[in-house]
Amino acid sequence: MAGHWADFQYEIYLNGTTGAVPRLPTDLTRLEEVTEQRLGPGPFGYVAGSAGDGSTARANRAALDRRRIVPRMLRDVHERDLSVEVLGRRLPAPLALAPVGVLSIMHPEAEGAAARAAAARGVPYILSSASSTPMEQVAEATGDAERWFQLYWPKDPEVARSFLGRARASGYSVLVVTLDTPLLSWRPRDLDQAYLPFLHGVGTANYFTDPAFRAGLAKPVDEDPNAAVMHFVGMFADPAKTWPDLAFLREHWDGPIVLKGILHPDDARRAADAGMDGVVVSNHGGRQVAGAIAAADALPQVARAVGDRLTVLFDSGIRTGADVFKALALGARAVLLGRPYAYGLGLDGQAGVDHVIRCLLAEFDLTLALSGHSGPAGLGASDLAEEPA
Ligand SMILES: Cc1cc2nc3c(=O)[nH]c(=O)nc-3n(C[C@H](O)[C@H](O)[C@H](O)COP(=O)(O)O)c2cc1C
Ligand SMILES: O=C(O)C(=O)c1ccccc1
């Protein structure tokens, strides 16, 4: 790879010699407050919000903050390579953009702009089933870039089969199956505003363009859009699913399958037993079970249980380069980033997402170097100290 991700640092300072400063904060923890000032309360609340009293979202941050990096000196870090092997592909850095649905509430260019920003940096983009843009259109906008498809496993097996076929045909290589959202959780921030994007028709693009979905409607979508939305609400997830059902996905998807939302080591073992290829240790950014274990506290146990059988990915609470370092040291192969890129999109479209990716990876690169590492390989428990909870 030509140059280091850290070069972004001097690019910013050099631009400063002509008077330019970055359009968005370089401390990504500040994006939320800037977004709150600039976006409407409904969309902002939907993205920033979490389940119940917000305790899981706070716990995610606390569990990362409690771990502290123990830097090592004099280890020749002048050449660095952040690339990692994930599910048989070489990624330029241990990062993918998490599936975030309904992005048109943040920016009119929505998923297309986020996917283009990821593609330009070689970062995999995981398209949500509940995207505001059909999967074929996002594929067209990003050519042969690395694209993964996130499945909300629909009740109707014909719709599920159709989604998998469409995703395959339009070049999505990895299937990410989200298991932690068989129902939408209790979300007071959205409830208090009575705001749910799908009821405004957002996030239904893959469904409304799907022949199997449309076959289940009494009238065409444009003739009775409300009925189509209600059909989507009743169909998009299935709380009756159990572990043996995974055989259906294994049968209809010939690429890697990753289960997203795993927190218990026994569930991770079941994933391996079911022939899955990876897991994402995640509590959905604290948006599903209020009171759930912090994702970073679940990670070491899952990595110990299946690290030699499955690719272990991580999300929920990643905001800084140090957080990426910590997740890798706790056993993740790579991390997914959620809200920060959605804020970047809301604030500055594709350029905002690019800014977020570059800030995160520049800071990660510098954190590695300053802690005595030339790359992600070799990060482990001995690189961290834990403060008492
Ligand atoms: C607005 C929003 C929409 C989301 N939509 C989806 C989705 O469609 N599918 C999914 O698997 N996860 C979804 N997630 C969860 C993310 O993939 C990810 O797990 C979470 O955002 C990670 O936590 P972070 O935001 O703290 O980085 C969504 C998250 C947010 C904030
Ligand atoms: O809001 C979410 O967290 C989420 O996962 C979702 C679920 C359905 C549609 C869009 C997003």
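We count ligands from 1, going down the list as the structure has it; atoms in each ligand are counted the same way.
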closest protein heavy atom to atom 12 (N) of ligand 1 is Lys260 NZ, 3.0 Å
Just to confirm my output: which protein heavy-atom neighbour is closest to atom 7 (C) of ligand 1, and how far is it?
Tyr152 OH, 3.4 Å
So do the side chains of Asp180 and Asn283 get within less than 4.5 Å of each other, counting heavy atoms only?
no
Side chains of Ser131 and Asn206, donor plus acceptor under 3.5 Å
yes
With no hydrogens and no angle check, do the side chains of Thr311 and Arg333 hold a donor and an acceptor under 3.5 Å apart?
no
Among protein heavy atoms, which lies nearest atom 9 (C) of ligand 2, and at what distance?
Phe198 CE2, 2.9 Å
Proximal atoms of ligand 2 relative to Ala130 (non-hydrogen, under 4.0 Å):
9 (C), 10 (C)
State, without any angle test, whether Trp148 and Gln150 hold a side-chain donor-acceptor pair at a distance under 3.5 Å.
no
Report yes or no: does a heavy atom of Ala342 sit under 4.0 Å from some atom of ligand 1?
no
What I want to check is whether the side chains of Glu111 and Ser132 have a donor and an acceptor closer together than 3.5 Å.
yes
At a 4.0 Å threshold, what atoms of ligand 1 neighbour a non-hydrogen atom of Ser282?
19 (O)
Which residue holds the protein heavy atom closest to atom 18 (C) of ligand 1, what is that atom called, and what is the gap in Å?
Asp315 OD2, 3.3 Å
Considering only protein heavy atoms, which is closest to atom 5 (O) of ligand 2, and at what distance to one decimal place?
Tyr152 OH, 2.5 Å
Taking only Lys NZ, Arg NE, NH1 and NH2, and the carboxylate oxygens of Asp or Glu, determine whether Asp297 and Arg67 approach each other closer than 4.0 Å.
yes
Protein heavy atom at shortest distance from atom 17 (O) of ligand 1:
Pro99 O, 2.7 Å
For atom 8 (O) of ligand 1, what's the nearest protein heavy atom and its distance?
Ser128 OG, 2.6 Å
Report yes or no: is the cationic atom of Arg287 (NZ for Lys, CZ for Arg) under 6.0 Å from the centre of the six-membered ring of Tyr46, at an angle within 45° of the ring normal?
yes
Specify the protein heavy atom at minimum distance from atom 1 (O) of ligand 2: its residue, its atom name, and the distance to 0.1 Å.
Tyr46 OH, 2.4 Å
Does ligand 1 have a heavy atom under 4.0 Å from the side chain of Gln150, from its backbone, from both, or from neither?
side chain
Using a 4.0 Å heavy-atom cut-off, which part of Val100 comes near ligand 1: side chain, backbone, both, or neither?
both
Tyr152 vs His284 aromatic rings, parallel, tilted or perpendicular, using cut-offs 30° and 60°?
parallel
What's the shortest distance from atom 29 (C) of ligand 1 to any protein heavy atom, and which residue and atom give it?
Arg287 NE, 3.5 Å
Side chain or backbone, does Arg319 bring an N or O within less than 3.5 Å of an N or O on ligand 1?
yes
So, Glu387 and Arg66, do they make that salt bridge, N to O below 4.0 Å?
no
Should you measure from each heavy atom of Thr178, which atoms of ligand 1 turn up under 4.0 Å away?
10 (C), 11 (O)
Donor-acceptor pairs under 3.5 angstrom involving side-chain atoms of residues 265-273: please list them, not counting sequence neighbours.
{"unit_1": "Asp266", "atom_1": "OD1", "unit_2": "Arg269", "atom_2": "NH1", "d": "2.5"}
{"unit_1": "Asp273", "atom_1": "OD1", "unit_2": "Arg309", "atom_2": "NH2", "d": "2.7"}

Val47, any N or O under 3.5 Å of ligand 1 N or O
no
Protein contact of atom 5 (N) of ligand 1 - nearest heavy atom, named by residue and atom, plus distance
Gly101 N, 3.1 Å
Starting from atom 21 (O) of ligand 1, what is the nearest protein heavy atom, named by residue and atom, and what distance separates them?
Gly338 CA, 3.6 Å
Can Arg166 and Thr209 be counted as having a side-chain donor-acceptor contact under 3.5 angstrom?
yes
Is a salt bridge present between Asp27 and Arg319, judged by a nitrogen-to-oxygen distance below 4.0 Å?
no
Examine Arg147 relative to Tyr172 and say whether NZ or CZ is less than 6.0 Å from the centre of the six-membered ring and inside a 45° cone about the ring axis.
yes
How does His284 reach ligand 2, by side chain, by backbone, by both or by neither, if only non-hydrogen atoms under 4.0 Å count?
side chain
Please could you name the atoms of ligand 1 that Ser316 approaches to less than 4.0 Å, counting only its heavy atoms?
22 (C), 23 (O), 26 (O)
Are Arg187 and ligand 2 in contact, using a heavy-atom cut-off of under 4.0 Å?
yes
Which atoms of ligand 2 sit under 4.0 Å from any heavy atom of Arg287?
1 (O), 2 (C), 3 (O)
Determine, for Trp253 and Arg168, whether the Lys NZ or Arg CZ falls below 6.0 Å from the six-membered ring centre while staying within 45 degrees of the axis.
yes
